[in-house]
Amino acid sequence: MTIKKIAIVGGGTAGWLAANHLGKALYKRSDIAITLIESPDIAPIGVGEGTVPDIKKTLASFGISETDFIRQCDVTFKQSIKFVNWLDQDKHGKDNFFHHLFDVPNREDSEKLTAHWLTENNDNPFAEHISAQFKVCEQGRAPKQITSPEYQGDLAYAYHLNAAKFAKLLADNARTKYRVKHLLTHVSDVTLSDDGSIDSLVTKNDGELAFDFYIDCSGFESLLIAKAMKVPFVDVSDQLLVNTALVVQVPTDKDSVIPPYTIATAHQAGWIWDIALPNRRGVGFVYSNNHMSDEEAHIQLDEYLGGSNPELIYKKLPMKIGYREKFWHKNCVALGLAQGFLEPLEATSILLTDFAANFLAQRFPNKKDELLVLEKRFNHAMGHAWARVVDFIKLHYCLSDRDDSSFWRENRDPSTMSTELKEKLALWENFTPISDDFFSQFEVFYLENFLFVLYGMKYKTKLTSGDVTDSKERIAALQDITDSLVNSLPEHRALLDKINRFGLQEL
């Protein structure tokens with residue numbers, strides 16, 4: 001009853017991340033065979049172009065050169081998400097913004113600078129008050145030098161990337177390093193055993209194929225765990241109200257400025273992502289079709305892009321917001337969009353896929369009698385992670401004081417928030433968040449992530465006292481660091497050009 005034959009159904013970022021994580025964990029076992037089955041008839045969604053800093057550790061662990069990654073996947077550096085107009089423009093000004101930065105001071109500095117910012121009622125942006133990265137971003141600087149080793153920098157960073165090219169890079173790595181077999185065929189049916197586990201896959205060109213374990217990376221279709229195994233879907237559209245996206249790729253000039261951050265601009269019924277790659281921008285108009293018609297969304301996206309342009313092709317993506325009741329059922333695990341989807345805010349799709357694939361690979365079953373205990377462990381951890389991500393995404397909406405539409409007013413309704421989020425917000429009315437407020441290691445977003453959003457959106461903590469010892473010295477030291485980085489770090493596009501010409505130092 002040993003598990004030797006593993007099938008990954010579906011390619012794209014999710015499938016090939018899973019192939020690399022499992023391949024790396026299992027490649028020393030010569031009796032293990034991993035096959036990724038990808039339909040030549042179904043194109044991947046391919047709009048997940050933003051990542052978070054954890055992806056650096058993943059890519060390095062796969063032995064992928066950062067230089068090769070940047071050159072092959074149209075990569076740009078991402079140091080933050082800049083949230084524009086998420087607050088009322090009459091109160092906070094037109095084009096008000098805050099940064100959710102990736103680089104933070106040590107925990108002691110963070111706590112004291114936060115307390116100082118609150119007690120002094122500081123008018124400076126919170127992110128600028130605690131991190132040098134604020135001005136680095138605003139000045140359009142890169143997070144590292146051409147002399148920096150791969151995956152290392154002066155500041156924390158992630159990437160923007162071409163999702164299709166990223167999947168190809170991951171595929172090449174999995175096939176050459178980890179002996180992952182790639183089979184191009186369409187899965188037309190799934191047969192189940194008497195106990196409800198998957199027995200085999202019926203394919204269009206290769207007949208019936210049987211495996212011991214199955215990874216469902218079939219995207220929104222969720223061919224295995226939803227269609228065949230009937231695992232229910234947990235709908236959270238009562239908390240996260242957006243449900244549709246219009247996406248478009250906008251060509252840019254080779255000399256255009258590349259912001260070193262994602263831009264997320266709020267509108268009356270949702271928000272717009274704007275991600276700059278070297279030769280194009282990926283733009284997505286995210287909205288609730290219960291609060292805005294498709295026609296109005298199209299008009300507003302035209303307006304955002306500077307007017308109607310018949311050469312631009314808009315693609316409409318309905319978004320089913322939620323996740324599976326179980327992510328592991330019997331001999332099948334769902335990853336990526338087959339697990340669920342919570343809109344693109346904060347780049348949660350690739351983040352959760354990478355997190356789940358790594359978690360699966362760390363404790364992959366050797367025998368079938370291990371399935372039940374590992375299933376319970378995986379579902380408990382991932383269920384907690386998904387629920388807390390819902391809370392973090394919801395935080396951006398429920399803190400907004402925009403009053404220009406029913407969309408924003410409904411998002412502040414306590415009935416659209418989880419009990420845990422309401423309890424945390426009540427706690428943080430009188431106490432600044434601390435690490436102990438996030439008790440689980442399966443929190444995907446942590447203390448500093450919440451601080452940037454809470455205080456970037458002017459959350460009122462009634463702090464009567466706080467430890468501001470040495471705050472002036474810490475602020476002065478931060479200013480010196482900021483000035484040094486702004487003066488020494490290269491302009492973003494200039495660094496990318498150098499990397500493409502000369503490469504980075506290998507680790």
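Throughout, numbering of the chain's residues begins at 1 and tracks the sequence.
- Applying the ring-ring contact (aromatic ring centres under 6.0 Å, His included) criterion to Y159, with sequence neighbours excluded, gives F69, Y157.
- Ring orientation note: the planes of F407 and Y397 are nearly perpendicular, at an angle over 60° on the 30°/60° scale.
- Cation-pi geometry between R281 and W273 is not met: the NZ or CZ atom fails to fall both under 6.0 Å from the ring centre and inside 45° of the normal.
- In summary, the side chains of N20 and N173 do present a donor paired with an acceptor at a separation below 3.5 Å, with no hydrogens or angles considered.
- With sequence neighbours left out, the ring-ring contact (aromatic ring centres under 6.0 Å, His included) criterion links Y304 to no other residue.
- Residue K24 qualifies as open at atom NZ: its count of foreign heavy atoms under 6.0 Å is 12 or below.
- Residue pairs meeting the salt bridge (Lys or Arg N to Asp or Glu O under 4.0 Å) criterion with at least one partner in residues 236-257, sequence neighbours excluded, do not occur; the list is empty.
- In this structure, P53 and Y151 have side chains that are not in contact, with every pair of non-hydrogen atoms separated by 4.5 Å or more.
- Residues Q300 and Q268 bring a donor and an acceptor atom of their side chains to less than 3.5 Å of each other.
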- Mind running salt bridge (charged side-chain N to carboxylate O under 4.0 Å, His left out) on D391 and R388 for me, showing each step along the way? CA-CA 5 Å; D391 285 348; R388 300 290 71 78; 2.8 Å; yes

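- Under the 30°/60° scheme for interplanar angles, the aromatic rings of Y314 and H298 are found to be tilted.
- Atom NZ of K177 sits in a crowded spot, with more than 12 heavy atoms from other residues, nucleotides or ligands closer than 6.0 Å.
- Ring pair F97/F83: centre-to-centre distance not below 6.0 Å.
- Partners of K57 under the salt bridge (Lys or Arg N to Asp or Glu O under 4.0 Å) rule, at least two apart in sequence or in another chain, do not exist in this structure.
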- Message: What verdict does the side chain to side chain contact (heavy atoms under 4.5 Å, CB included) test give for L317 and T244, after you've listed the backbone C-alpha separation in whole Å, the side-chain angles of each residue and the deciding distance to 0.1 Å?
- Response: CA-CA 6 Å; L317 298 177; T244 314; over 6 Å; no

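- Taking the six-membered ring for Trp and thresholds of 30 and 60 degrees, Y459 and Y455 have ring planes inclined between 30 and 60 degrees apart.
- Salt bridge status for D497 with R501: absent, with no side-chain N to carboxylate O gap under 4.0 Å.
- For H160, there are no ring-ring contact (aromatic ring centres under 6.0 Å, His included) partners two or more places apart in sequence or in a different chain.
- One side chain, W386 or Q339, offers a donor N or O that lies under 3.5 Å from an acceptor on the other.
- Ion pairing of E49 with R280 is present here, as a side-chain N (NZ or NE/NH1/NH2) and a carboxylate O approach within less than 4.0 Å.
- Of all non-hydrogen atoms in T13 and L170, the two that sit nearest each other are O-CD1, 4.2 Å.
- Listed by chain and residue number, R493 satisfy the side-chain hydrogen bond (donor to acceptor under 3.5 Å, both in side chains) test with S256 (two or more places apart in sequence, or in another chain).
- Take H92 and apply the ring-ring contact (aromatic ring centres under 6.0 Å, His included) test, not counting sequence neighbours, and it matches no residue.
- In this view, D403 and R412 satisfy the side-chain hydrogen bond (donor to acceptor under 3.5 Å, both in side chains) rule, not counting sequence neighbours.
- Judged by distance alone, the side chains of H186 and N205 never bring a donor and an acceptor atom under 3.5 Å apart.
- Salt bridge annotation for K144-E150: absent, with no cationic side-chain nitrogen under 4.0 angstrom from a carboxylate oxygen.
- Relative ring orientation between F359 and F355 is described as parallel, the plane-to-plane angle staying below 30° on a 0-90° scale split at 30° and 60°.
- Side chains of V286 and I272 form no contact here, defined as non-hydrogen atoms less than 4.5 Å apart.
- Looking at residues two or more places apart in sequence or on another chain, you find no salt bridge (Lys or Arg N to Asp or Glu O under 4.0 Å) involving K320.
- Ring-plane geometry between F341 and F220 is classed as perpendicular, the angle between the planes exceeding 60 degrees on a 0 to 90 degree scale with a lower cut at 30.
- Within the 4.5 Å cutoff, side-chain heavy atoms of D401 are placed close to those of K91.
- For E346, the salt bridge (Lys or Arg N to Asp or Glu O under 4.0 Å) test picks out no residue, with sequence neighbours left out.
- Judged purely by distance below 3.5 Å, without hydrogens or angles, the side chains of H267 and N85 never pair a donor atom with an acceptor atom.
- Partners of E303 by salt bridge (Lys or Arg N to Asp or Glu O under 4.0 Å), not counting sequence neighbours: none found.
- Within the structure, salt bridge (Lys or Arg N to Asp or Glu O under 4.0 Å) pairs that include any residue of residues 70-82 comprise D74-K165, K82-E138 (at least two apart or interchain).
- Proximity of V190 to V202: side-chain heavy atoms (C-beta onward) are nowhere separated by under 4.5 Å.
- With hydrogens and angles left out, the side-chain atoms of S288 and N243 include no donor and acceptor closer than 3.5 Å.
- Between K135 and E128 there is a salt bridge, since at least one side-chain N of the basic residue sits less than 4.0 Å from a carboxylate O of the acidic one.
- Between H99 and F134, the ring-plane angle classifies as perpendicular under the 30° and 60° cut-offs.
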